> 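Mind looking over this structure? Questions follow.
Hydrogens, waters and symmetry mates play no part in the numbers below; they use all other heavy atoms, side chains included. All of these numbers come straight from a predicted model, not from anything done at the bench. To find a chain, count down the sequence lines: A is the first, B the second, and so on, and within it residues start at 1.
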Protein chains: 2
Amino acid sequence: MLKKERHDYILNLINRDNRIYVTSLSNELGISDDTLRRDLTELDNKGLLTKVHGGAIAKSGISIQFTDRINTAMDKKQQMASKVIPLFKNGDVILLDGGTSNLAVIRQLPKELELSIFTNSFPIINELFNHTNIELNFLGGKVFSSSQVTVGVTVFQALQTINPDWVLVGISDVHPEKGLTCPDRDEALIKRAMIERGNKRLILADSHKLNTARTYQVASLEEIDYIVTEDNKIDYIKNNWPKYSYDVI
Amino acid sequence: MLKKERHDYILNLINRDNRIYVTSLSNELGISDDTLRRDLTELDNKGLLTKVHGGAIAKSGISIQFTDRINTAMDKKQQMASKVIPLFKNGDVILLDGGTSNLAVIRQLPKELELSIFTNSFPIINELFNHTNIELNFLGGKVFSSSQVTVGVTVFQALQTINPDWVLVGISDVHPEKGLTCPDRDEALIKRAMIERGNKRLILADSHKLNTARTYQVASLEEIDYIVTEDNKIDYIKNNWPKYSYDVI
DNA sequence: AGATATATTGCGGATATATGCAATTTTAAA
DNA sequence: TTTAAAATTGCATATATCCGCAATATATCT
C-alpha cells in the first residue's frame with residue numbers, strides 16, 4: 001500500500017467517524033504504530049486533521065471536501081508554503097493578508113513556533129485560534145464579505161502602528177514591468193500599505209498568472225524582497241526578469 | 001474514547017445545558033470521577049468553562065463552535081432573541097459583543113433588514129458574511145482565542161469613534177446591587193466601554209444566573225435601558241428589583 | 001544499468017501521558 | 001456543628017509517544 005493511499009484511507013475514516021485510534025488502525029493496516037503516527041503528523045501539518053494523544057480527530061469547524069484534498073492547486077500552494085516556514089524565527093512579527101496561499105502558510109506553522117501575527121483575514125484567525133504560542137492581532141475595519149477580510153481607512157490606520165519583521169502578501173498577477181497588480185482597488189490599497197510597513201516583503205505568487213496584469217498596481221518588483229513560486233517556475237522568472245534584486249525561493 | 005473527544009463532548013453538554021455534574025457524567029461516559037475532574041480542570045484552565053464544586057458551568061461570553069445541536073438552552077436563547085428583533089429599524093447602527101445570546105439574535109435577523117453592525121466577535125461576523133443588506137464592521141485588536149473576540153486598547157479606541165443606536169451586551173451575572181459583572185477583567189472593560197457608547201443599552205441576561213455576581217463590574221443597573229430575560233424570570237425581576245428604571249422584556 | 005542519494009519503515013529503549021485507586025482533606029448543606 | 005459527598009493528592013500501572021538507528025525501498029543521476 002502506497003503512502004498516499006494510506007493517507008487517503010485515513011482521511012476517509014476521519015471523514016466518516018470523526019476520529020481514529022492509532023493502535024487499532026495500525027493493526028488494521030498492517031503497519032507499525034510509528035508509521036501511522038508519522039502519517040498523522042504529516043496530515044496534521046497539512047491541516048487535514050488534528051492529531052491527539054491516542055489517535056486523531058476531524059478538524060473542528062471546516063468539513064473538508066474530499067475533492068479539495070486531491071486538488072493539485074492546493075498541493076502546490078502547500079509546497080510554496082513549506083518554503084516560507086523556515087524563514088520564521090521565534091519572536092518574529094508577521095503581517096499577512098487574506099488569500100489561500102497565506103492560509104496554506106498558516107496551516108503549516110509548527111505549533112511550537114512563537115510568533116506575533118497581524119492580519120485582516122478572518123479565515124486566518126479561524127485557523128489560529130488554538131495555536132497557543134501565537135499572539136494574534138486582528139486589523140479591524142469594514143468587512144469585505146466576499147473575500148472575508150477587512151478593508152478601508154480603519155485597516156489603513158491600524159497598519160500605521162505596526163512594524164512587522166515579515167509581510168506576506170498573496171498576489172495572483174505578477175508582471176515584469178507592471179509589477180504586482182490586482183483587480184480590486186480597496187484590496188490593492190491595503191496590500192500596498194502592508195508592503196510599505198514590512199521589514200522583509202514576501203510575495204506568494206500563483207505561478208499560473210505570471211506575466212499577467214490587472215487594473216490596480218500594488219507594488220513594483222523592486223519593492224519586494226522574496227517572491228515565492230512553485231518549483232517549476234523558478235527558472236522561468238530568473239531567466240526572464242533578471243534585473244531585479246529579489247530572491248526567488 | 002479519546003481524551004479530546006471527551007473534552008468536545010463535555011463542551012457540547014456545557015453549551016447545551018450550561019452545566020454538568022461530575023457524578024452523573026462520569027457514569028454516562030464510563031470513566032472515573034477523577035478523570036472527569038481532571039478534564040474539567042484542564043478545560044477550566046483553557047478558559048472554556050468554570051469548574052465548580054460538583055461539576056462545571058458555562059463561562060460567560062464564550063461562544064463555542066459546536067453549533068450542531070438544537071437544545072433547550074439554545075431554545076431559550078432564541079426566545080430571548082426574538083424579543084429583541086422587533087426593536088430594530090432600517091438604518092439602525094448596532095454594536096454587539098460576543099456570547100451565545102448575541103449570536104442567537106444575529107441568527108434571527110431578517111435578511112431584508114438594513115443595518116450597520118459593529119462587533120468584536122468572530123462568530124458573529126461569520127454568521128453575517130452572506131447578509132447582503134448589512135454593513136459589517138469589525139473592531140480590531142488583540143485576539144482572545146478562548147472567547148473568539150478581540151480585546152484590549154485597540155478595541156477601546158475603535159469604540160470611541162462610533163455612536164450606535166443600540167448596544168447589545170450579553171451578561172451571565174446580574175445582581176440587584178452589584179449590577180452586571182463578569183469574571184474577566186479585559187472582557188469587563190470592553191463591555192463597559194461598549195455600554196458607554198450606546199444610545200439605547202440592552203442587556204441579554206442568562207436568567208439562571210440572576211442574583212449572582214463576579215469580580216469585575218461592567219455596569220450598574222441604572223445605566224441599562226432594557227433587560228431581556230427568559231419568560232419565567234420577568235416577574236421575578238419586576239417584583240424584586242423595582243427601583244431601577246430599565247424595562248424588562 | 002549501475003551507483004548514489006533520498007525517503008520510508010520498523011524496532012528498541014527512554015520518556016511522557018492517561019487513568020484509576022486509596023488515603024486524606026475540603027466543601028457545602030442539613 | 002455535624003456529616004456525607006466531593007475534591008485533592010500521591011502513587012502504580014498501562015499505554016502512547018518520541019528518538020535514534022539500521023534496513024529496505026524508491027528516486028535520481030551519470
> For N27(B) and dG20(C), what is the distance between atoms CG and C1' respectively, to the nearest whole Å?
15 Å
> Rounding to a whole Å, what distance do you find between I31(B):CD1 and dT17(C):P?
19 Å
> What integer distance in Å separates L25(A):CG from dA16(D):C1'?
15 Å
> By nearest atom, which of the nucleotides dA28(C), dA16(D), dG10(C) is closest to the S32(A) side chain?
dG10(C)
> Within the modelled atom types, does a donor on one side and an acceptor on the other bring the side chain of D34(A) and the base of dC19(D) under 3.5 Å apart?
yes
> Are K4(A) and dT26(D) close enough that a side-chain N or O sits under 4.0 Å from OP1 or OP2?
no
> Find the distance L2(A):CG to dA25(D):P and express it as a whole number of Å.
14 Å
> Could you state the CG-C1' distance from D33(A) to dT15(C), rounded to the nearest angstrom?
16 Å
> Once you round it to whole Å, what is the distance between C1' of dT8(D) and CG of L40(B)?
14 Å
> Going by atom types only, do Y9(A) and E28(A) share a side-chain donor-acceptor pair under 3.5 Å?
yes
> Quick check, are the ring centers of F122(A) and F138(A) under 6.0 angstrom apart?
yes
> Give a yes/no on whether any side-chain N or O of T23(B) is located under 4.0 angstrom from OP1 or OP2 of dA6(D).
yes
> Would you mind telling me which of dA18(C), dG20(C), dT8(C) lies closest to the side-chain atoms of K3(A)?
dT8(C)
> Looking only at side-chain N and O atoms, does R6(A) come under 4.0 Å of OP1 or OP2 in dT9(C)?
yes
> Checking side-chain contact (heavy atoms from CB on, under 4.5 Å) against V105(A), which of I94(A), V228(A), L202(A), L168(A) comes through?
L168(A)
> According to the interplanar angle, ranging from 0 to 90°, do the rings of W166(A) and Y226(A) count as parallel (below 30°), tilted (30 to 60°) or perpendicular (above 60°)?
tilted
> Nearest of dT8(D), dT17(C), dG10(D) to any side-chain atom of H53(A)?
dT17(C)
> In whole angstrom, what separates L36(B)'s CG from dC21(C)'s P?
15 Å
> Which listed nucleotide (dG20(C), dA7(D), dC18(D)) is nearest to the side chain of T35(B)?
dG20(C)
> Looking only at heavy atoms, what is the nearest atom pair of I10(A) and L43(A), with distance?
CG2-CD1, 3.9 Å
> From C-beta outward on K51(B), which listed nucleotide comes closest to its side chain: dT8(D), dG10(C), dT19(C)?
dT8(D)
> Of the nucleotides dA6(D), dG20(C), dT17(D), which has the atom closest to the R37(B) side chain?
dA6(D)
> Distance check needed: dA5(D) P versus Y21(B) OH, whole Å only.
17 Å
